[in-house]
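Take a look at the structure below.
All values derive from a computational prediction rather than experimental measurement. What's counted below: heavy atoms across the whole structure, side chains too, no hydrogens, waters or symmetry copies. Atoms within each ligand, like the ligands themselves, are counted from 1 in listed order.
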Amino acid sequence: MSRAAERLKIVLNHLDRSPLCVRNSSTSTQQVVYSQPHALRYTFDNDILSTEQRLSYEENGFLVIKGLVSEGDINRFRVAFERICRGEVKIPGLIVMRDVSIAKSEFIPDQKAISKLQDFQEETELFRYCALPQILKYVECFTGPNIMAMHTMLINKPPDTGKMTSRHPMHQDLHYFPFRPADRIVCSWTAMEKINRQNGCLVVLPGSHHGTLREHDYPEWEGGVNKMYHGIRDYNTNHPRVHLEMEKGDTVFFHPLLIHGSGMNQTQGFRKAISCHYASADCYYIDVSKTSQENIALEVKAIAEKKYGGGFITFEDTWAIRGRLVQGERTNM
Ligand SMILES: CCCCCCCCCCCCCCCCCCCC(=O)SCCNC(=O)CCNC(=O)[C@H](O)C(C)(C)COP(=O)(O)OP(=O)(O)OC[C@H]1O[C@@H](n2cnc3c(N)ncnc32)[C@H](O)[C@@H]1OP(=O)(O)O
Ligand SMILES: Nc1ncnc2c1ncn2[C@@H]1O[C@H](COP(=O)(O)OP(=O)(O)OP(=O)(O)O)[C@@H](O)[C@H]1O
Ligand SMILES: O=C(O)CCC(=O)C(=O)O
Ligand SMILES: [Fe+2]
Ligand SMILES: [Mg+2]
């Protein structure tokens with residue numbers, strides 16, 4: 001092999017790209033096949049993940065860590081959530097969502113049932129979740145050392161009213177994000193109680209993160225769909241599914257292209273989970289106009305304008321305003 005080809009091999013090897021084809025100057029095109037294990041593009045090696053865990057995330061697009069968040073912390077998040085439900089605190093930027101079947105009904109037992117809190121970055125107690133050292137340790141394996149908490153949620157999936165509106169359609173979270181690269185974004189999602197098929201656990205399509213971002217829109221569901229619950233219309237229903245049944249404190253980290261959703265809550269309890277989407281602060285914003293993300297960008301812009309007035313806020317701005325640095329330096333986002 002020529003010196004240049006040798007160097008190219010070293011550089012590309014460093015960039016984790018294999019196998020590759022290089023032109024050998026002296027003879028014809030030749031195939032260079034590496035003998036090292038398959039290149040890892042989704043994770044960094046910082047001594048937290050075992051090789052098995054790295055390979056599993058690379059292959060499946062998610063990783064469950066058992067018992068990562070303590071009972072004490074979860075109980076504190078629950079107390080903070082209930083104070084918000086009772087209207088005892090006013091948090092700037094917080095969005096309180098009710099299930100559409102309740103919001104649109106005149107005959108409801110509990111007017112106050114809250115299905116989701118969104119954007120709790122200004123609520124100190126809940127936001128503590130996003131900065132828990134044991135969570136950030138894992139997040140760093142996916143994002144690298146400069147970490148932004150971009151989106152926060154506490155999901156309180158209500159008992160289904162019979163209209164199946166407690167379901168969350170199959171989707172990719174990247175649909176909502178005007179920043180890239182996707183591989184430097186990760187969601188952490190922690191069960192605040194035992195979560196199983198009965199109360200509507202997460203359902204994932206392992207390996208679907210290897211695909212591209214798909215078109216999303218409201219599903220055609222008879223009983224109605226919650227605002228912004230877009231789904232993928234034509235995902236492969238034969239793709240193997242995994243139901244992530246989890247115990248209180250178990251945490252799943254997953255890639256923003258992983259196709260996932262959650263089932264109907266067939267119990268009488270409110271199924272609770274807390275989550276944060278992180279991105280490397282080195283990510284960059286993209287303009288999503290005229291892409292498949294334009295539909296969600298217009299919806300989010302409309303909500304921001306209704307809340308804050310204007311006409312000057314871009315979809316990217318709505319993210320830059322909400323994002324908070326949780327580790328390292330705010331280099332770009
Ligand atoms: C500067 C920063 C600005 C930031 C703006 C932020 C905008 C929100 C960003 C959301 C981005 C999501 C990113 C997620 C990334 C991860 C992927 C997660 C996927 C999701 O979970 S997306 C689902 C979450 N969706 C939302 O939170 C939607 C945002 N919420 C809302 O728009 C409002 O809360 C809502 C739902 C419209 C309720 O508004 P409100 O005005 O408070 O409620 P009213 O009771 O007055 O009802 C008005 C009107 O809306 C109907 N309604 C109420 N609830 C729902 C519902 N859940 N689904 C559908 N429709 C609903 C209600 O019946 C009324 O209808 P009318 O026909 O009577 O007018
Ligand atoms: N406004 C609300 N909207 C949605 N869920 C709520 C609201 N207030 C409380 N919750 C949640 O609903 C669930 C049931 O609350 P509820 O007050 O009925 O019972 P509890 O607090 O578990 O027990 P207790 O009977 O001692 O009050 C709890 O998990 C609570 O976190
Ligand atoms: O049902 C849930 O808890 C998670 C739903 C979800 O995937 C999301 O909000 O992005
Ligand atoms: Fe999601
Ligand atoms: Mg109570």
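The aromatic rings of Tyr42 and His209 lie tilted to each other, with the angle between the two planes from 30° to 60°. Using the six-membered ring where Trp is involved, His151 and His277 have ring planes that are tilted, between 30° and 60° apart. Using the six-membered ring where Trp is involved, His175 and His230 have ring planes that are tilted, between 30° and 60° apart.
When distances to the Fe ion (ligand 4) are checked against a cut-off of 2.8 Å, His260 contributes an N, O or S atom below that limit.
For atom 8 (C) of ligand 3, the nearest non-hydrogen atom from the set His151, Met228, His168, Gln118 comes from His168. When the options Arg271, Lys272, Lys116 are ranked by their closest heavy atom to atom 3 (O) of ligand 3, first place goes to Arg271.
Polar contact check, His277 against ligand 3: no nitrogen or oxygen pair lies under 3.5 Å apart. The shortest N/O to N/O separation between Lys157 and ligand 3 does not fall below 3.5 Å.
Every atom of ligand 3 is numbered from 1 in the order shown, and the set under 4.0 Å from a heavy atom of Leu202 is 2 (C), 4 (C). For ligand 3, the atoms closer than 4.0 angstrom to any heavy atom of Met153 are 8 (C), 9 (O), 10 (O). For ligand 3, the atoms closer than 4.0 angstrom to any heavy atom of His171 are 6 (C), 7 (O), 8 (C), 10 (O).
Under a 4.0 Å N-O distance rule, the pair Glu71/Lys248 qualifies as a salt bridge. A salt bridge links Glu247 with Lys194: at least one charged nitrogen is closer than 4.0 Å to a carboxylate oxygen.
Inter-residue side-chain proximity for Lys301 and Ile313 is flagged as unmet; no heavy-atom pair is nearer than 4.5 Å.
Residue contact check for ligand 3: Trp189 places a non-hydrogen atom closer than 4.0 Å to it.
Contact annotation: for Gln172 versus ligand 3, there are no heavy atoms closer than 4.0 Å. The side chain of Ser262, and not its backbone, has at least one atom closer than 4.0 Å to an atom of ligand 3 (non-hydrogen atoms only; side chain from C-beta on).
Here the options are Leu63, Asp47, Leu49, the test is side chain to side chain contact (heavy atoms under 4.5 Å, CB included), and the partner is Cys141; only Leu49 passes.
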Residue pair Thr143, Ser280: steps toward the side-chain hydrogen bond (donor to acceptor under 3.5 Å, both in side chains) verdict
CA-CA 5 Å; Thr143 60; Ser280 163; over 6 Å; no
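In this structure, NE2 of His171 and OD1 of Asp173 enclose an angle of 80° at the Fe ion (ligand 4), rounded to 10°.
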